[in-house]
Amino acid sequence: MSFELRRGETLAIVGESGSGKSVSIKSIMGILPSNAVVESGSIEYDGMDLTKVSEEQFHKLRGHRIGLIFQDPLSALNPIMKIGKQITEVRRLSGYGKKEARARALELMEAVGIPDPEKRFDQYPFQFSGGMRQRIVIAIALAGDPEILICDEPTTALDVTVQARILELINRIKQERGLSVIFITHDLGVVANVADRVNMMYAGKIVETGTSEEIFLEPAHPYTWALLSSMPDLQTHERLVAIPGTPPNMIDPPKGDAFAARNRYAMKIDFEKEPPIFKLSDTHDAATWLLHPNAPAVEIPPILRERIERMKGEMGNRG
Amino acid sequence: MADAEYILEVKHLCQTFESGRGRKKITVKAVDDVSFSIRPSETFGLVGESGCGKTTTGRTIIRLYDPASGQVFFNGREISGRMTGELRRYLTDNIAMIFQDPIESLNPRMTIEEIIGEGLRVRGVKDKQEIRRRVNEMLCKVGLTQEHATRYPHEFSGGQRQRIGIARAMITQPKLIIADEPVSALDVSIQAQVINLLNDLKEEMGLTVLFIAHNLSVVKYFSDRIGVMYFGKLVEVARGDDLYKKPLHPYTRSLLSAIPEPNPFTERSRRRIDYDPKTAHDYSRESPRMVEIEQEHFVYCSPSEEAAYQKQLGL
Ligand SMILES: Nc1ncnc2c1ncn2[C@@H]1O[C@H](COP(=O)(O)OP(=O)(O)O)[C@@H](O)[C@H]1O
Ligand SMILES: [Mg+2]
């Protein structure tokens, strides 16, 4: 698997648990569990193949140019270290003096919306709410002046109003700092909120990639259709289209298209041969036999077709 | 008094917890003067952010906790009074609960047949054949098979475990199901399976459901009427469409403004509304109370807020 991340964009990686979305990111960060191997493909960053760089280079990259935000802020924070120190530490590691690091940490706390930074500087993680802890994690991630921010389900554990604020914050700092963001999530509402481009993942593979508009308005892979029509939005009344079965076992992946067994549009060839990638536009492609010239034409799920028509209508209204 | 129109009536329910020790001991009002009623075969959704008291409300109704004060009626009978063996039996006959975490709520040492059949044994069904027959019937209903009956919970995926939890709750044919975040712990593609299953069973068995969740899109989809909770209080109750089309309480508006939808066009122009109870209300001179502002639409407000809401609705 390989993918690219453009400067200043937010790339969402979407998939269910076990789809490999977190694994692909962890391999970028070099914190893969020791039994995992990057089997094929390369992960490129600024012209360097990250699967080949030395460990030393890697630590540098990880500390400085890539910032990480995880789902559970508590696991990312040291419970017995004052939060100010946790933020300045990153800064100090990059060779800044104590005073400067402190000033910068306060600035970052302010930027991520922690009220009363001076006072909060000397408090411990347990003295903060979940949303505030995630802001601290973001401040720590930003302290090394990263170029890339990797967010792994950063809002899944948070309440919606807190989630909305954190998404706003991430969108804002991305703009202000010209960051590139990789955003891993299974929540398609969150994807619509943050993403410029989207990679849909299933069983360790990218099955569709496109701009946010392409994925939501012209989805082409049956897995994308299925995921989009399996969750209700605020206008949904009709029966949901559930995806039958469970994701495949990655240790013994099925032959052919990994999604075939759960795919209501599956054809004979899906069970035999892995589909190639079909190009739909310069930015949009999908790996499904349905795009083969000889494939029969199929109707996308009605619930999804209606939603897309509604979206197009709204677009029209906006002019 | 109890009203025949409703199967469940909750009146001024309060629940408190003590936390800390000695001087630091504080009392948390987990549920604070909550009132709502549910009609037979209706689904009532309870939403609000974590810690607002949804779970405690559900658990107090089914008497996992004794209420601090207030009353609960089921089919006109008070179920919030002194606990007796007879009341316990009445409760287990009529109300069952589905929990969020299908893993934690199933005894790992029991087979699926034992887990699902337990409710029958507790209620005195002794005939093994009869239990087996009804367990198998239930397994089929929730989309599992007879072969699953002899296995143990750890052999199942999250979605299957939730099906087992549903089968266990449904086997005694309760009239009311309290479903506490039944899909929150499941994968997206599995959530839809379980939502569809609950919907089918609801239709088939004429169930009444108290559906507790924090995902508003799911609650809206699943419920006829919805109650919004904030810090132990119910602040607004309305039919699903009314709540989403004309939310009145500023907390409801804030909550709705925060739900991201799978639509990049609306998301790009999303405007979040903040809610701060200190600045949103002035209750120094007037006190808030629950008011039915239009039919089936209740909001917690002071008299002057009430007037403003009426104007907003064009009443
Ligand atoms: N068993 C308990 N002991 C002490 N406090 C509790 C207990 N259960 C819940 N609480 C507190 O009561 C409040 C409401 O909790 P809960 O009903 O679980 O909310 P929700 O289900 O809406 O997330 C919270 O402040 C919570 O910390
Ligand atoms: Mg709860």
Side-chain angles (χ1 to χ4, degrees), chain A residues 14-19 129-130 155 157-165 167-168 186-196 198 211-213 215-217 223 226-247 262 307-308 310-312 314-315 318, chain B residues 47-52 143 156-160 183-200 203 214-222 230 240-241 243-245 251 253-275:
Chain A
V14 186
E16 300 170 71
S17 57
S19 63
S129 68
T155 58
L158 304 174
D159 277 320
V160 278
T161 59
V162 181
Q163 163 172 286
R165 289 199 197 105
L167 294 181
E168 251 174 48
H186 63 264
D187 184 329
L188 291 159
V190 171
V191 174
N193 185 280
V194 300
D196 299 305
V198 183
T211 62
S212 188
E213 286 83 354
I215 295 294
F216 284 100
L217 287 180
Y223 178 65
L227 212 54
L228 281 167
S229 42
S230 70
M231 284 314 285
D233 66 14
L234 293 175
Q235 270 99 34
T236 310
H237 290 286
E238 52 280 73
R239 190 177 172 80
L240 300 175
V241 184
I243 308 176
T246 48
R262 308 176 73 191
R307 196 181 289 171
I308 290 171
R310 211 169 60 221
M311 269 190 254
K312 287 187 172 155
E314 282 165 14
M315 253 166 71
R318 273 154 220 259
Chain B
V47 294
E49 302 189 73
S50 56
C52 72
F156 293 88
S157 66
Q160 287 174 318
V183 299
S184 307
L186 305 176
D187 242 325
V188 191
S189 73
I190 310 297
Q191 286 189 14
Q193 293 176 11
V194 173
I195 292 172
N196 283 344
L197 170 66
L198 284 171
N199 254 332
D200 293 343
E203 296 259 299
H214 67 272
N215 181 329
L216 284 93
S217 308
V218 173
V219 172
K220 162 84 186 336
Y221 176 72
F222 201 68
Y230 182 76
D241 280 326
L243 192 78
Y244 285 81
K245 289 203 185 103
Y251 177 66
R253 290 156 52 92
S254 152
L255 203 55
L256 287 172
S257 77
I259 315 170
E261 288 201 82
N263 177 341
F265 307 101
T266 51
E267 282 315 303
R268 272 172 209 151
S269 53
R270 173 163 299 286
R271 295 208 65 85
R272 189 170 50 76
I273 303 170
D274 270 320
Y275 174 61

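Nearest heavy-atom pair across B:P262 and A:F216 is O-CD2, 3.4 Å. Here the closest non-hydrogen pair linking A:L240 and B:Y221 is N-OH, 3.3 Å. Pairing each heavy atom of B:S254 with each of A:T161, the nearest pair is OG-CG2, 3.8 Å. Annotation for A:G245 and B:Q193: closest pair O-NE2, 3.2 Å, computed over non-hydrogen atoms. Annotation for A:A164 and B:R272: closest pair CB-CD, 3.3 Å, computed over non-hydrogen atoms.
Side-chain contact between A:M231 and B:V218 is present, with heavy atoms from C-beta onward closer than 4.5 Å.
With hydrogens and angles disregarded, no donor-acceptor distance shorter than 3.5 Å links the side chain of B:N263 to the backbone of A:A192. For B:E267 (side chain) and A:G189 (main-chain N/O), no donor-acceptor pair under 3.5 Å exists by modelled atom type.
Contact check on A:E213 versus B:R268 returns a salt bridge, with a Lys/Arg side-chain nitrogen under 4.0 Å from an Asp/Glu carboxylate oxygen.
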Apply the test salt bridge (Lys or Arg N to Asp or Glu O under 4.0 Å) to residues B:K220 and A:D233: give CA-CA distance (whole Å), side-chain angles for both, the deciding distance (0.1 Å), then the verdict. CA-CA 8 Å; B:K220 162 84 186 336; A:D233 66 14; over 6 Å; no
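A:L234 contributes atom CG, which lies 10.0 Å from atom CG of B:D241 (distance to the nearest 0.5 angstrom). Between B:S217 atom OG and A:L188 atom CG the span is 11.0 Å, to the nearest 0.5 Å.
Contact annotation for B:I273: neither backbone nor side-chain heavy atoms come within less than 4.5 Å of a heavy atom of chain A. Both the backbone and the side chain of B:L255 come within contact range of chain A, with heavy atoms under 4.5 Å apart. Heavy atoms of B:E261 lying under 4.5 Å from chain A belong to its backbone as well as its side chain. Neither the backbone nor the side chain of A:I308 has a heavy atom closer than 4.5 Å to any heavy atom of chain B. There is no contact between A:A226 and chain B, counting heavy-atom distances below 4.5 Å.
A:E314 and B:T266 form no side-chain donor-acceptor contact under 3.5 Å, judged by distance and modelled atom types alone. Between the side chains of A:D159 and B:S50, a donor-acceptor pair is found at a separation under 3.5 Å.
Interface summary for chain A: among B:D200, B:I195, B:N199, B:L256, the most heavy-atom pairs under 4.5 angstrom belong to B:D200. With chain B as the partner, the residue from A:R307, A:R239, A:E168, A:R310 showing the most heavy-atom pairs under 4.5 Å is A:R239. If you tally non-hydrogen atom pairs under 4.5 Å between each of A:Q235, A:R262, A:Q163 and chain B, the highest count goes to A:R262. Contact tally against chain B (heavy-atom pairs below 4.5 Å) for A:T236, A:V162, A:V241, A:V191: the top residue is A:T236.
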